[in-house]
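Computed from a predicted structure; not experimentally measured. In this chain, residues are counted from 1 in sequence order.
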Amino acid sequence: KRQLPRLEASMQCYLDSYDEDGMCVEGTAYWGFGFGFFAIYASLLKEFTNGEEDLFKLPKVKKIAEFVQKTFIDTHTMVTFSDVNLKEGYWIGLPHLLRSIYGEDIEKLPAEQGTIIAYQHFAFALRCFIYYKKEYTADEKLSPVMYNLRETGWFIKRGEHYGIALKGGTNGESHNHNDVGSFILAHNNKQIFTDLGSGAYSAGYHGHNRYTFFHPSSWSHNVPYFGKMPQDGVRRERVVIDYDEATKTATYEFANAYGLDYVRKIERSFVLEEKEIILKDTQKTLDDLNDIKQQKKTMSDNEKIRLQ
């Protein structure tokens, strides 16, 4: 019991790292690693105190528990923002534990994306056998859902014919990629407009030269470039995504991600019909720069994608 105050302080520090929407900006692997250990601790604490201390009752903990199901933009395709493997899965024991606590608020997920030996830790592998229940795995296509997560700046839609994830937020996040304004589009369980996720970890990858590496730089993401000027990796005001239910349009403006005086406006909108997406980029810049003039002339006003 003497160690509990120290442990409680550490757990509170962990919870404070999340916004109120419970989204993990570092990606699904880091959610599984961090929240996996938190859930193990919370379970043991509840048992040790005979149920008197139950961290799972905290509203924010429930929001964090729902994170991984929100990253499925198709039945077998997950969001790969930040330092996430392009073929990322999830620790299969964790959603099963959470469903036993929160019931149907925790969605059944496909076993094919699950892993047992998660992050090479015995505690995780052991609890897969303790928590796993076959009836907690999805045996059919995941249902359509939509989330506009304004605190984090993510918008996610999983539809009948496609899934899409839009990335706002900032370029000052943990495990940051210069990807404000980017998006992922999935169809038939594959990313067709992709986010490559994490590059190979090295000393330089996490250092001052991080954005000279392809994966975390703007060059690997679905964002505009101005001449040879990508996003600069500086934390500025958070970009949020607005959604108009009447027009089925998601819109966000992210000129501040570039730190360029001559870039005055970058507005990106998606009209999200059942089988069709219309992408429109609107950019306003000063007219006295030749490379910007050339880009304005060659830029398509609208790009339409039809998905059968």
Side-chain angles (χ1 to χ4, degrees), residues 19-25 59 62-63 66-75 77-81 104-107 140-171 173 179-195 221-224 236-258 263-285 296 299-308:
D19 286 318
E20 292 305 313
D21 59 13
M23 298 300 286
C24 180
V25 297
K62 185 172 184 288
K63 286 288 188 181
E66 294 169 345
F67 166 77
V68 75
Q69 67 197 44
K70 296 175 182 176
T71 68
F72 278 82
I73 52 175
D74 206 340
T75 301
T77 307
M78 301 174 73
V79 173
T80 50
F81 296 148
E104 293 185 358
D105 288 342
I106 301 300
E107 194 172 1
E140 56 188 18
K141 185 175 181 178
L142 298 181
S143 301
V145 292
M146 185 169 65
Y147 306 101
N148 191 5
L149 304 152
R150 295 177 65 84
E151 291 91 344
T152 299
W154 291 18
F155 177 93
I156 295 169
K157 178 182 178 181
R158 185 204 307 151
E160 290 284 357
H161 301 280
Y162 65 85
I164 192 167
L166 314 181
K167 174 68 167 62
T170 78
N171 279 332
E173 297 166 346
D179 60 354
V180 172
S182 189
F183 67 97
I184 301 169
L185 178 63
H187 179 55
N188 288 338
N189 291 310
K190 293 181 180 179
Q191 289 189 15
I192 56 176
F193 284 82
T194 190
D195 186 312
H221 295 89
N222 299 313
V223 296
R236 297 187 179 90
E237 184 178 353
R238 185 183 304 277
V239 172
V240 297
I241 299 166
D242 295 315
Y243 183 73
D244 187 323
E245 184 70 40
T247 61
K248 300 180 181 179
T249 302
T251 305
Y252 49 133
E253 201 284 328
F254 53 97
N256 70 356
Y258 292 81
V263 178
R264 300 301 174 87
K265 179 180 181 180
I266 308 173
E267 184 178 272
R268 173 167 281 180
S269 66
F270 293 83
V271 180
L272 302 172
E273 301 288 355
E274 182 181 358
K275 294 184 179 181
E276 186 175 271
I277 298 170
I278 300 174
L279 164 61
K280 180 179 181 180
D281 279 353
T282 302
Q283 303 177 13
K284 294 183 179 180
T285 62
K296 288 172 71 176
M299 187 181 305
S300 173
D301 289 333
N302 293 278
E303 294 292 342
K304 185 180 289 188
I305 306 164
R306 184 166 181 81
L307 300 166
Q308 299 297 333

Do you know the tightest heavy-atom contact between [X] and [Y]?
{"X": "Asn171", "Y": "Asp179", "answer": "OD1-N, 3.3 Å"}
{"X": "Gly159", "Y": "Pro144", "answer": "CA-CB, 4.2 Å"}
{"X": "Gln69", "Y": "Glu107", "answer": "OE1-N, 2.9 Å"}
{"X": "Thr75", "Y": "Leu142", "answer": "OG1-N, 3.1 Å"}
{"X": "Ser182", "Y": "His221", "answer": "OG-CB, 3.7 Å"}
{"X": "Glu237", "Y": "Asn256", "answer": "O-ND2, 3.1 Å"}

Evaluate the criterion side-chain contact (heavy atoms from CB on, under 4.5 Å) for residue pair Glu66 and Ile106; output intermediate values, then yes/no.
CA-CA 6 Å; Glu66 294 169 345; Ile106 301 300; 4.0 Å; yes
Separation of [Y] [atom2] from [X] [atom1] (nearest 0.5 Å):
{"X": "Ile184", "Y": "Lys167", "atom1": "CD1", "atom2": "NZ", "value": "10.5 Å"}
{"X": "Asn222", "Y": "Arg268", "atom1": "CG", "atom2": "CZ", "value": "7.0 Å"}
{"X": "Glu20", "Y": "Thr152", "atom1": "CD", "atom2": "OG1", "value": "10.0 Å"}
{"X": "Phe81", "Y": "Asp195", "atom1": "CZ", "atom2": "CG", "value": "6.0 Å"}
{"X": "Trp154", "Y": "Cys24", "atom1": "CH2", "atom2": "SG", "value": "7.5 Å"}
{"X": "Ile241", "Y": "Phe270", "atom1": "CD1", "atom2": "CZ", "value": "9.0 Å"}

Quick check against the 3.5 Å criterion: does Arg158 have a side-chain atom that pairs as donor or acceptor with the backbone of Ser143?
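Looks like yes, one N/O pair under 3.5 Å.
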Is the backbone of Gly153 close enough, under 3.5 Å, to the side chain of Tyr252 for a donor and an acceptor to pair up by distance?
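Side chain of Tyr252 to backbone of Gly153: no pair is present.
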Between [X] and [Y], is any pair of side-chain heavy atoms under 4.5 Å apart?
{"X": "Glu160", "Y": "Lys275", "value": "no"}
{"X": "Asp74", "Y": "Gln191", "value": "no"}
{"X": "Lys265", "Y": "Glu253", "value": "yes"}
{"X": "Leu149", "Y": "Phe67", "value": "no"}

Give a yes or no on this: more than 12 heavy atoms of other residues, nucleotides or ligands lie within 6.0 Å of atom NZ of Lys190.
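At most 12 heavy atoms, drawn from other residues, nucleotides or ligands, come within 6.0 Å of this atom.
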Around atom NZ of Lys63, are there more than 12 heavy atoms of other residues, nucleotides or ligands at under 6.0 Å?
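Counting other residues, nucleotides and ligands, NZ of Lys63 stays at 12 neighbours or fewer.
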State whether Lys70 and Asp21 are salt-bridged, where the test is any N-O pair (Lys NZ or Arg NE/NH1/NH2 against Asp/Glu carboxylate O) under 4.0 Å.
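No, this pair does not count.
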Salt bridge or not for Asp242 and Arg150, using N-O below 4.0 Å?
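Result for this pair is yes, salt bridge flagged.
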Which of these passes side-chain contact (heavy atoms from CB on, under 4.5 Å) with Val271: Thr249, Thr251, Leu279?
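Running side-chain contact (heavy atoms from CB on, under 4.5 Å) over Thr249, Thr251, Leu279 with Val271 returns exactly one hit, Thr249.
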All side chain to side chain contact (heavy atoms under 4.5 Å, CB included) counterparts of Lys157, not counting sequence neighbours:
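Applying side chain to side chain contact (heavy atoms under 4.5 Å, CB included) to Lys157 gives Met146, Phe155, Tyr162, Ile164, Leu272.
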Determine, stepwise, if the pair Met23 / Val79 fulfils side-chain contact (heavy atoms from CB on, under 4.5 Å).
CA-CA 12 Å; Met23 298 300 286; Val79 173; over 6 Å; no
